[in-house]
Structure formats: C-alpha cells, structure tokens
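Following this message is one structure expressed as structure tokens.
Only this structure's heavy atoms are used, side chains among them; waters, hydrogens and symmetry mates stay out.
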Amino acid sequence: EVQLQASGGGLVQAGGSLRLSCTASGFTFDDYAVGWFRQAPGKEREGVSCISSSDGMSYYRDSAKGRFTISRDDAKRTVYLQMNSLNAEDTGVYYCAIRDLFCGTPYPTPPADFDYWGQGTLVTVSS
C-alpha cells in the first residue's frame with residue numbers, strides 16, 4: 001500500500017532552519033508530484049510547496065518564496081523541504097502528500113486535490 005512518512009520537525013528559534021523529509025513506499029515514486037502542507041492551530045490546512053514528477057517544477061506559496069527550497073531524490077524515494085529564516089507564522093504540523101504527475105495550477109492547489117497523505121511532523125518556531 002501507499003505509505004508516506006514525514007520527519008525532521010522540531011523546535012527552532014526565529015531566524016533558524018529546519019530540513020523536513022518525506023519518504024515514500026508502495027508506488028512508483030517518480031510518477032507523482034509531492035506537496036508539503038501545514039496546519040496551524042485553528043487554521044485551515046494550506047499548501048506550502050510542491051514539486052512535480054519528471055520535469056521537477058517547483059512551486060511555493062508567496063510567504064515561502066526566497067526562504068524555502070523543495071527538492072526530490074527519486075533514487076531515495078524522498079522529498080525534502082529546506083526551511084530557512086523561520087518565523088512564528090511557520091509554526092504548525094507539516095504534512096506531505098502526493099497526486100499524479102503535476103502539482104496543479106494556480107498554486108497553491110487545495111489539499112483535496114492530493115490523494116495520499118503522511119502523518120505529519122510538528123514544527124515550532126519560538127520568538
């Protein structure tokens with residue numbers, strides 16, 4: 001079966017960095033787009049970044065541009081999200097999810113467009 005596992009979250013001070021990982025099994029990894037979403041307490045789940053299969057096109061929500069970088073290593077069946085210059089608004093549970101081939105446009109695409117989800121990893125940014 002399809003399995004996705006997010007990891008790498010933790011507690012970090014404002015201005016610091018974290019690198020999240022999403023490791024996949026149970027499907028042909030390089031045929032799927034992988035997205036990162038986050039959900040803060042009392043807020044809706046929102047798309048943060050996404051990377052397509054094949055062409056590797058990447059997308060970011062406006063607040064993440066210039067601070068976050070998404071990448072994929074198909075041989076390791078893993079997608080990474082490097083997060084720099086973190087601030088309190090980045091706090092939340094981060095989830096990875098997949099959909100066929102492409103991330104969808106315009107970005108951010110809604111969570112409902114993604115088919116399978118990992119369990120999430122908590123990111124807390126202290127001031």
Side-chain angles (χ1 to χ4, degrees):
E1 73 278 22
V2 173
Q3 292 189 335
L4 299 168
Q5 187 157 102
S7 62
L11 176 64
V12 64
Q13 290 185 315
S17 298
L18 285 172
R19 190 193 197 196
L20 306 183
S21 298
C22 177
T23 301
S25 63
F27 62 98
T28 306
F29 182 75
D30 59 354
D31 287 344
Y32 289 83
V34 182
W36 285 98
F37 297 78
R38 68 187 177 198
Q39 190 162 22
K43 300 294 186 69
E44 295 293 313
R45 190 171 299 186
E46 62 183 15
V48 178
S49 186
C50 186
I51 187 163
S52 297
S53 69
S54 185
D55 63 10
M57 290 286 291
S58 59
Y59 305 86
Y60 304 89
R61 69 180 303 106
D62 286 345
S63 63
K65 291 177 180 177
R67 300 190 298 125
F68 293 4
T69 303
I70 191 169
S71 60
R72 66 188 295 158
D73 186 333
D74 289 345
K76 295 182 178 179
R77 302 178 64 84
T78 301
V79 167
Y80 305 96
L81 185 67
Q82 178 68 47
M83 305 189 295
N84 299 325
S85 302
L86 287 162
N87 57 59
E89 286 68 47
D90 297 315
T91 293
V93 178
Y94 282 68
Y95 302 88
C96 61
I98 62 169
R99 59 175 287 178
D100 287 351
L101 296 178
F102 302 108
C103 294
T105 55
Y107 191 82
T109 44
D113 289 355
F114 288 73
D115 301 307
Y116 297 95
W117 293 79
Q119 88 288 359
T121 184
L122 177 63
V123 171
T124 303
V125 184
S126 62
S127 59

Below 3.5 Å, can you tabulate the donor-acceptor pairs from side chains in residues 105-115 to any protein atom, sequence neighbours excluded?
residue: Tyr107; atom: OH; partner: Val48; partner atom: N; Å: 3.3
residue: Tyr107; atom: OH; partner: Ser49; partner atom: N; Å: 2.8
residue: Tyr107; atom: OH; partner: Ser49; partner atom: O; Å: 3.1
residue: Thr109; atom: OG1; partner: Cys103; partner atom: O; Å: 3.1

Which residues share a side-chain hydrogen bond (donor to acceptor under 3.5 Å, both in side chains) with Glu89, sequence neighbours left out: none
Atom pair SG (Cys96) and CZ (Phe37), whose distance is rounded to the nearest 0.5 Å: 10.0 Å
Set of residues satisfying side-chain hydrogen bond (donor to acceptor under 3.5 Å, both in side chains) with respect to Arg77, sequence neighbours excluded: none
Donor-acceptor pairs under 3.5 angstrom involving side-chain atoms of residues 57-69: please list them, not counting sequence neighbours.
residue: Tyr60; atom: OH; partner: Ile70; partner atom: N; Å: 2.8
residue: Arg61; atom: NH1; partner: Gly47; partner atom: O; Å: 2.7
residue: Arg61; atom: NH2; partner: Glu46; partner atom: OE1; Å: 3.4
residue: Asp62; atom: OD1; partner: Lys65; partner atom: NZ; Å: 3.3
residue: Arg67; atom: NE; partner: Ser63; partner atom: O; Å: 3.1
residue: Arg67; atom: NH1; partner: Ser85; partner atom: O; Å: 3.0
residue: Arg67; atom: NH1; partner: Asp90; partner atom: OD2; Å: 2.8
residue: Arg67; atom: NH2; partner: Ser63; partner atom: O; Å: 2.8
residue: Arg67; atom: NH2; partner: Asp90; partner atom: OD1; Å: 3.1

Please say whether the positively charged group of Arg72, taken as NZ for Lys or CZ for Arg, lies over the ring of Phe29, i.e. under 6.0 angstrom from the six-membered ring centre and within 45 degrees of the axis. yes
Tell me every residue that passes side-chain hydrogen bond (donor to acceptor under 3.5 Å, both in side chains) with Tyr95, counting only those two or more places apart in sequence or in another chain. none
Minimum heavy-atom separation for Arg99 and Phe102, please, with both atom names. NE-O, 3.0 Å
pair Trp36-Met83: side-chain heavy atoms closer than 4.5 Å: no
Let me check something: do Ile51 and Leu81 share a hydrophobic cluster, defined by ILVMFWY side-chain heavy atoms less than 4.5 Å apart, either directly or through other members? yes
Transitive ILVMFWY side-chain link Tyr94 to Val125, under 4.5 Å: yes
How close do Gln3 and Glu1 get, counting heavy atoms only, and between which atoms? NE2-OE2, 3.1 Å
Any donor-acceptor N/O pair, Ser53 side chain to Leu101 backbone, under 3.5 Å: yes
Report, one line per pair, each donor and acceptor closer than 3.5 Å where one atom sits in a side chain of residues 4-27; sequence neighbours left out.
residue: Ser17; atom: OG; partner: Asn84; partner atom: OD1; Å: 2.8
residue: Thr23; atom: OG1; partner: Thr78; partner atom: OG1; Å: 3.4

ILVMFWY cluster, Val93 and Val123 together (side-chain gap under 4.5 Å): no
Say whether Val34 and Val2 are linked into one hydrophobic cluster, either directly or through other cluster members, by side-chain heavy-atom distances under 4.5 angstrom. yes
